[in-house]
Number of protein chains: 2
Amino acid sequence: MTEHGTGRRGQHRRAAPTMKHVAALAGVSVMTVSRALATPDRVSPEALEKVRRAVLQTGYVPDRNAGALSSQRSHIVALTLPTLANGNFADLAEGISDILLPAGYQPLIGHSGHSLEKEEELVRIMLARRPDAFVLVGTTHSRETSRLLHASGITVIETWEYTDNPVDLCVGFSNRRAGELAAEHLAGLGHRQLAAIGGSLDDTLKDYRGEQRLRGFRDAARRLGLPDPVILREAVVPIRHGQGAGTMARLLDDHPGASAVFAISDTMAFGAMMECQRRGIAVPRQLSILGFGDFDIAGQCLPGLSTISVDPVAMGRMIGDRILERMAGSAPRSEETAPRIVLRHSTSAPPGA
Amino acid sequence: MTEHGTGRRGQHRRAAPTMKHVAALAGVSVMTVSRALATPDRVSPEALEKVRRAVLQTGYVPDRNAGALSSQRSHIVALTLPTLANGNFADLAEGISDILLPAGYQPLIGHSGHSLEKEEELVRIMLARRPDAFVLVGTTHSRETSRLLHASGITVIETWEYTDNPVDLCVGFSNRRAGELAAEHLAGLGHRQLAAIGGSLDDTLKDYRGEQRLRGFRDAARRLGLPDPVILREAVVPIRHGQGAGTMARLLDDHPGASAVFAISDTMAFGAMMECQRRGIAVPRQLSILGFGDFDIAGQCLPGLSTISVDPVAMGRMIGDRILERMAGSAPRSEETAPRIVLRHSTSAPPGA
DNA sequence: TGTCAACGTGGTATCGATACCATGATCTGG
DNA sequence: CCAGATCATGGTATCGATACCACGTTGACA
């Protein structure tokens with residue numbers, strides 16, 4: 001009687017215990033078990049205790065996929081990141097998890113390698129798990145990605161970049177504003193000839209958000225009456241293997257006039273600093289360097305790297321909160337967060353000032 | 001007719017299209033649709049074409065959870081990492097994904113924050129999704145974790161640390177061996193008084209694998225006839241916020257005799273190098289520093305950090321391959337991978353040599 | 001030309017849970 | 001003391017897919 005019925009479905013691996021097993025052991029119906037686990041206050045204390053014991057004894061873990069099928073709520077939240085190997089995105093994911101896991105939601109993480117095609121593929125695969133919400137990094141997506149998400153009819157949250165016209169909801173900062181902030185900070189220190197180093201524009205691996213930062217940087221410089229910044233780009237996406245050293249070398253060789261450099265990411269900024277060290281250029285006395293991202297390394301290197309922080313953990317938590325609100329039936333609003341300067345010791349007034 | 005039956009289950013959000021919708025549109029049965037998607041070669045070309053068109057038109061994405069319930073194979077692989085904010089683990093996850101995703105498996109990633117209690121909680125939550133396989137980092141788990149995994153009867157792969165007695169399968173390296181390698185390298189350069197810096201032994205956040213490395217380091221030094229290495233530990237888990245600078249300062253103050261330092265992670269090694277730079281101690285001329293992990297930063301800093309690499313991407317792919325083999329019915333074997341030294345410029349012969 | 005295998009297709013039961021409804025027991029109030 | 005509400009519980013249908021079986025068609029071969 002405690003064995004499963006016909007066993008027709010072939011010889012699978014030893015099956016995990018089901019609610020039916022627990023119910024039989026506890027001497028109650030499966031419905032009572034279901035309620036005991038989901039809404040304990042609607043079950044008598046005695047029944048609850050019997051169920052509790054049976055669960056412990058069997059090592060029962062409910063099958064949430066089956067539950068999802070029945071209730072039409074999977075309690076899964078999909079999350080597509082460009083890559084895991086970037087502290088900021090990892091932090092974002094951890095922030096989201098911190099909020100969602102205790103609330104009974106399971107984050108499902110994927111990485112697209114900065115490619116819109118891979119993102120689309122990923123979205124398709126993840127939609128097959130019927131998430132209750134979908135978090136996307138960035139606001140640039142393929143046409144088909146948008147169509148799929150729209151057809152699925154689920155909550156979509158775009159992040160890492162603020163937009164006034166989100167697909168659905170948006171929690172993010174303005175990359176353009178981050179760039180402006182960088183220019184304003186450097187100009188405020190007295191620098192006039194600015195420079196910036198960023199990622200390239202390969203066809204398939206565009207760094208959309210980095211470009212936004214560069215644009216904001218240039219526009220702010222113009223607005224402040226400075227000459228147009230020198231802007232150099234590397235041949236690859238800057239995060240990870242883009243060290244910035246090569247670009248910095250080009251900058252130093254070809255544009256010796258610049259007294260301050262904004263790097264599109266801390267990784268590049270660090271590489272740039274190393275190139276300076278190699279050449280015996282003192283940072284910040286001879287050259288100021290400003291990064292972006294506030295990665296761990298920014299606080300550890302010498303001199304400490306001044307950078308722009310967007311607090312990804314906080315952003316992740318905000319996203320988690322928005323999702324829970326939406327799941328609870330309320331209508332949360334999009335939110336723009338503010339990037340802020342973290343001052344350390346890699347920026348100062350220009351040499352002759 | 002194309003509308004769903006009773007609609008009894010309340011007013012949900014706009015529902016995603018189902019196989020029934022596709023079947024109706026294509027003018028075939030749901031079984032034919034199912035086969036068209038799963039085993040196209042068992043369906044006539046005409047039917048296949050009709051289904052294909054209907055799928056495109058509806059934007060249909062199959063519900064893999066429902067499929068999993070029916071077929072008893074979820075095509076989910078659970079993966080518990082200590083943290084995402086560690087390049088090595090992120091690489092491991094990407095390596096696994098690279099293999100599994102194209103094969104139709106979905107990695108489900110969680111992070112335990114180095115805590116066995118959180119790992120257990122995570123395992124429980126992930127088991128609720130009925131993964132076909134479970135990948136765990138490390139070989140130390142709570143009693144209940146082991147019980148749950150055992151009761152579930154699924155494939156378990158332990159990694160990041162090799163053991164002869166795995167729960168099920170193991171793909172990893174010997175942390176002890178990594179430590180030995182470090183001592184052998186430094187001894188081979190002519191160093192006699194070695195030192196090592198590592199993570200602390202808090203009660204809940206033990207760095208088990210780091211301790212193994214330290215043990216291997218000490219044992220190898222003894223075996224080589226060197227005096228016992230000085231071993232200092234930080235008060236927190238070394239990765240991420242453990243910069244190593246403080247420990248290095250203690251080492252320089254209290255044990256000036258050591259000419260070479262092995263750091264339990266590149267993060268600490270980098271902090272140690274910065275402390276040396278701060279004090280004007282030349283690396284490697286006055287002091288050799290050897291790291292572990294071959295993080296990106298090791299190749300970027302000055303001098304380049306000599307370190308021990310365990311090639312996490314390759315390990316991840318190996319894990320993915322093992323899982324696929326197991327799923328295909330064969331019986332893959334555990335595998336021990338070999339850590340190897342990556343020589344850069346932070347280690348050399350000791351000062352007086 | 002008849003027999004049998006292979007092939008393409010559809011019907012039905014089922015996976016493990018929850019929604020909804022029905023039932024009987026207990027409680028509350030006039 | 002009984003009507004109506006509340007509570008605890010169980011039975012049944014169902015979520016969206018696949019496993020298994022059954023059937024009709026076609027083609028190969030003797």
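Just so it is clear: chains get the letters A, B, ... in the order the sequence lines come, proteins before strands, and each one is counted from 1.
Between A/Asn65 atom CG and D/dG16 atom P there is a gap of 15 Å when expressed in whole angstrom units. Rounded to whole Å, atom P of D/dC15 lies 10 Å from atom NE2 of B/His21. As rounded to whole Å, 16 Å separates atom C1' of C/dA17 from atom CZ of A/Arg73. Remark: C1' of C/dA17 and CZ of A/Arg130 are 18 Å apart, rounded to the nearest angstrom. At whole-Å resolution of the value, CG in A/Leu37 and P in C/dA17 are 9 Å apart. One interatomic measurement links the two molecules: CD of B/Glu46 to C1' of C/dC7, which rounds to 13 Å at whole-angstrom precision. D/dC20 atom P lies 11 Å from atom CD of B/Gln72, rounded to whole Å. Rounded to whole angstrom, the span from the NZ atom of B/Lys20 across to the C1' atom of D/dT18 amounts to 14 Å.
Heavy-atom nearest nucleotides on DNA chain D were determined for A/Val30 and for A/Val43, and the one closer to the 5' end corresponds to A/Val43. Projected onto DNA chain C by closest heavy-atom contact, B/Ala66 and B/Arg42 fall at different nucleotides, the more 5' of which corresponds to B/Arg42.
Heavy atoms of B/Ala47 sit under 4.0 angstrom from primed sugar atoms or phosphate atoms, though from no base atom.
Remark: A/Arg64 CZ is loosely packed, at most 12 non-hydrogen atoms of other residues, nucleotides or ligands lying under 6.0 Å away.
Taking a cutoff of 4.0 Å between a charged side-chain nitrogen and a carboxylate oxygen, B/Glu49 and B/Arg53 qualify as a salt bridge.
Within the 4.0 Å cut-off from OP1 or OP2 of D/dA8, not a single side-chain nitrogen or oxygen of A/Ser44 is found. Between A/Ser71 and C/dT18 there is no side-chain polar atom (N or O) within less than 4.0 angstrom of OP1 or OP2. Residue B/Thr18 places no side-chain N or O under 4.0 Å from the OP1 or OP2 atom of D/dG16. At the phosphate of D/dG16, neither OP1 nor OP2 sits under 4.0 Å from any side-chain N or O atom of B/Tyr60. Within the structure, every side-chain polar atom (N or O) of B/Ser29 is placed at least 4.0 Å from both OP1 and OP2 of C/dT9.
Between the side chains of B/His141 and B/Glu120, not a single donor N or O lies within less than 3.5 Å of an accepting N or O.
Considering CZ of B/Arg322 and CD1 of B/Ile319, their distance stands at 9.5 Å, rounded to 0.5 Å.
Listed nucleotides: C/dT12, C/dG16, D/dA17. Nearest to the side chain of B/Asp63: D/dA17. Comparing D/dC15, D/dC20, D/dA17 against the side chain of B/Ser70 picks out D/dA17 as the nearest.
When the ring-ring contact (aromatic ring centres under 6.0 Å, His included) test is applied to B/Phe134, no partner is found at least two apart in sequence or on another chain.
A/Arg35 contributes a side-chain N or O that forms a donor-acceptor pair with the base of D/dG10 under 3.5 Å.
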